[in-house]
Every structure is written in structure tokens, then in C-alpha cells.
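Let me begin by presenting the structure, written as C-alpha cells, before commenting on it.
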Amino acid sequence: MEFVVQGGRRLEGTLRVDGAKNAALPILAASVLTEDAVHLTGVPDILDVRRMGDILQILGCDVQHTGGTYRVCAQSMHKSEMPDALSKQIRSSIFLLGPILSRFRKATVTYPGGCEIGLRPIDLHLSGLRALGVDVQEDGGVIRCDGSHMHAGDVHLDYPSVGATENVIMAAVCLPGTTTIHNAAREPEIVDLCRFLGCMGGKIEGAGSATILIEGVKRLHGTTYTPMPDRIVAGTLLCAGAITGGEVELTNVPVEDLHAVCAKLREMGCVLHEEADIIRLIAPQRLTAFSMLQTQPHPGFPTDMQAQMLALLSVAEGTGVIVENVFENRFGHAGDLNRMGARILCSGRTAIVRGVENLTGAHVTARDLRGGAALTLAALRAQGETIVDHAELIDRGYDHLEDQLNRLGAAVKRISST
Ligand code: EPZ
């Protein structure tokens, strides 16, 4: 599938932000922690979420969904072994490890494997579970976990991994006693997962801080919940306004979770008005380069917005530097931006960008989700037509991005290659 983009249009208008992929995925996984029905609304209609639904069904759950509304009932769940092929399709399948162990005291999974942006090991997930007394055997790509002696306890994470923090929380929420996670990840999606577990009767304190305390409960009950809005989708749409010199208003925005992104956009000369869950961006005719951006775990600058900011920097006045501290191989989009006329030099985890006045339409290839979104942003600004190949990667995290951009006045067409 490809996007065909006619560039050079100034974007303008108002959009409502969808639910967050990185909140909905662990929340769907956590829904197997109860045998009662869980009702979710405002779930983004994106590929990764649909695939998580498929995995839950294969594990024996009753999953029904229409649009953004999901009903999951894990009463009939009977499998503790993850389907290999499907779990390789989405890395987030690993979020089921903790919940399956909590339900069955045993679980078998295969390595979710790496992706374009890095090797993405799961050693921190496994060391966290071992600290809870899980016996983990790794053999030829298969991981067998025996949780018959699981217990609450202290978990120290060497790095504040989002996924490892979420897996340990879900493994510990029904374990008698107190589990403490030290050096936990502080991402807003973790706070949202803990809010969801709280609605099911879980007892968790400190979500959003580096120390999380989980008081195990006997059982969790069903609930109705709406995952938080997607701060990365919101950031991407703000960047669409910024790169086209436009004026964009977003509603249903998690404003407090976008401070780092908004600060960089202001540094580039954008005017931003924030009010409750609304952000209005007014872009200058030409952006100004920021000197340095470093990606960090939350509340630092989110790595999932790095590619979009690289696209902005490529047309800004001046020179700027981006350092990618979270993933070891997340500049795959730089080469394609250079094909459009950008001047980006990459060395290891650092990119040095000398901004150009204009980009030119070209045939480029999406190599990962956020890189694909960044190429689409650059295409909006470029003169002439751009073809973004493998745009199906963008569907993994955006619900029909082309429709959202076209509602702001863009000209993006989706062309299926089959
Ligand atoms: C989550 O991935 C997000 N995915 C990612 O979003 C996001 O980039 C990332 O957090 C960081 O914010 C979802 O929530 C579904 P990590 P996760 O564990 O949990 C290393 C997107 O575009 N690490 O915090 O996989 C790892 O290799 C995606 O929406 C280990 O070394 O991220 C990476 O370098 C991409 N060992 C760093 O830590 C481990 O056991 C951060 O990974 C785990 C992680």
C-alpha cells in the first residue's frame, strides 16, 4: 500500500485525537486478568490493536468489537501458550506474559523479535519476573515460565523499560503481599494502565513515578474503561501543521503529556495555545532550527516523536542536532528524507541537520511506523508529488492518517498495491 501526496498545501482546521495505541495494547492484555467482561470504548481502530484482539481470541477469550468499542471476556481463556506466528507480528504480544502467568501460573512465549528500530531484547521483562519467583527457561527461542512459586517482592529495573514495567505490574497485581518496582518507567500510558487496573479493583500507588507499589488483591472484576488519548498522534498532527506553515487545533488532547514536544515546537517559532484538552498551533512561515534534541524516557522528549521532529528540522532555518538515546537504530527515515533534498548526516545515534528551504517530491519507503509518518509530513511540505511506499506500516499506529490530514486540507491518496 502506498500514500501518494501532493505537497505544498498549508494545513488548517480542527481534529479530535483518537485513543492511544500504547495504552490500548497493555489494557487489552490486562483484560485477561479477570474472568468478568471488560468493556472498552474509544479504542483506536488500528492494525496493532486488531492483531492483539486476534491473539486474545486464539487464547480462548471472547472478543467482540465494533469500531472503537471492545468487549473482552476471558472466562473461557484456556491457553497459556502464545501463538508464535501472531506474536511475531506485534511486539506488544509480550505484554500478555505477565497476565497469563497471573492467570495460569505458567506461560510459554517466543521471542517477539526485533524490528527496524533496534534489537529490542526482553531481558528486563524476564529479570523482573524472576524477581517475583518465576522460573524462566529459555531454549531455542522459546521461553517457558513456571510461576508455581510466584511471590510478591522487590523488582529493580536496570533501565526504566515501559514494557517491563507494565509486565511486572500485571504479574503482581493479584499476588498476595506488596511488590515494589524501583526505577520504573514513568510514561503516561503506564499511569493509564494502572488507572484501568484500579477500576478492576487493583491496588497500585506511585504510577508515573520511578517507584511503584502494588498491593496484591485476590481477584479483579470487570469494568468499563476508555483508554487515554494518543499523545504521539497528537504530536504528529501538530507537526503536520508546523511543517506546512499552517494552523491546527486539536481536541481530546492529553495536554500535560505533551510538554516536551510543545516546548520544541515553540523553540522552532510556533505559537501554541493550550486550554484543558485543546491545543491550537499557529506556525510561522518558516520554522527555526532548535540546537539540540535528545530523546529520553518520560518525562524527557519521546523517542516516538523523534522522526517527525527530524522532518521538521530538515526544512528549518539553521542547523540542529538530534540524539536518539532510547533505540539504537532509529534513523531509518533519514536516507529517504535526503532523497527528498534534505541535508541530514547520521553517525550512530546522532543526526546533524542543515535545514533547506524546500524539499522535492520523490519515491520513498516507510521502514517503520513513526518513520513512515515522518516521510508523510515531509511530503506535505515538498514541492510536487511524493510516493510513500509500505505505508501499511503507518496503519499500525494511525487510524487512516490520510483521512485525518485531508480533513486539514492535505491531498493524500491511499493506493493499494495488490
Ligand atoms: C514502548 O515500547 C512503546 N511501545 C514504544 O512505541 C516506545 O518507543 C517505547 O515504549 C519507549 O517509549 C508500546 O508501548 C507498545 P522499552 P517498549 O521497553 O516497551 C531496551 C511506537 O512507535 N530494553 O521502554 O518495547 C529496548 O531495546 C513504539 O509506538 C532492553 O534492553 O520500550 C530499548 O532500547 C515503538 N531490555 C529501550 O530499552 C528489555 O527487556 C526502551 O524499551 C526491554 C527494553
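Every number for a ligand or one of its atoms is a count from 1 in the order of the listing. Just so you know, these numbers use all the heavy atoms, side chains as well, and skip hydrogens, waters and symmetry mates. What you are looking at is a predicted structure, and each value in this text was computed from that prediction instead of being measured.
Side-chain polar atoms of His390 and Glu392 form a donor-acceptor pair below 3.5 angstrom. When only modelled atom types and interatomic distance are considered, Gln404 and Asn406 share no side-chain donor-acceptor pair under 3.5 Å. Thr303 and Arg330 share a donor-acceptor pair across their side chains, judged by distance under 3.5 Å alone.
Set against the non-hydrogen atoms of Val326, the atoms of ligand 1 under 4.0 Å away are 33 (C), 34 (O), 37 (C), 41 (C). Set against the non-hydrogen atoms of Lys21, the atoms of ligand 1 under 4.0 Å away are 21 (C), 29 (O). Close approach to Tyr159 involves these atoms of ligand 1, each under 4.0 Å from a residue heavy atom: 37 (C), 38 (O), 41 (C). Ligand-side atoms of ligand 1 in range of Ile122: 39 (C), 40 (O), range being under 4.0 angstrom from any heavy atom. Of all atoms in ligand 1, listed by their number and element, those nearer than 4.0 Å to a heavy atom of Ser92 are 15 (C).
In terms of protein heavy-atom proximity, atom 39 (C) of ligand 1 is closest to Pro121 O, 3.1 Å. In this structure, atom 19 (O) of ligand 1 lies nearest to the protein heavy atom Gly163 N, 2.8 Å. Closest protein heavy atom to atom 17 (P) of ligand 1: Arg120 NH2, 3.8 Å.
Remark: distances from the non-hydrogen atoms of Arg330 to ligand 1 include one below 4.0 Å. Distances shorter than 4.0 angstrom occur between a heavy atom of Arg370 and an atom of ligand 1.
Under 4.0 Å is where a charged nitrogen must lie from a carboxylate oxygen, and between Glu249 and Arg280 at least one such pair does. A salt bridge links Arg367 with Asp336: the closest approach of a Lys/Arg side-chain nitrogen to an acidic carboxylate oxygen falls below 4.0 angstrom. Salt bridge present: Arg414 and Glu402 bring a charged side-chain N and a carboxylate O closer than 4.0 Å. Electrostatic pairing of Asp84 and Lys88 counts as a salt bridge here, judged by a charged N lying under 4.0 Å from a carboxylate O. With respect to the salt-bridge test (charged N to carboxylate O, under 4.0 angstrom), the residues Arg51 and Asp54 do not qualify.
Under the 4.0 Å distance rule, the nearest protein heavy atom to atom 37 (C) of ligand 1 falls inside the cut-off.
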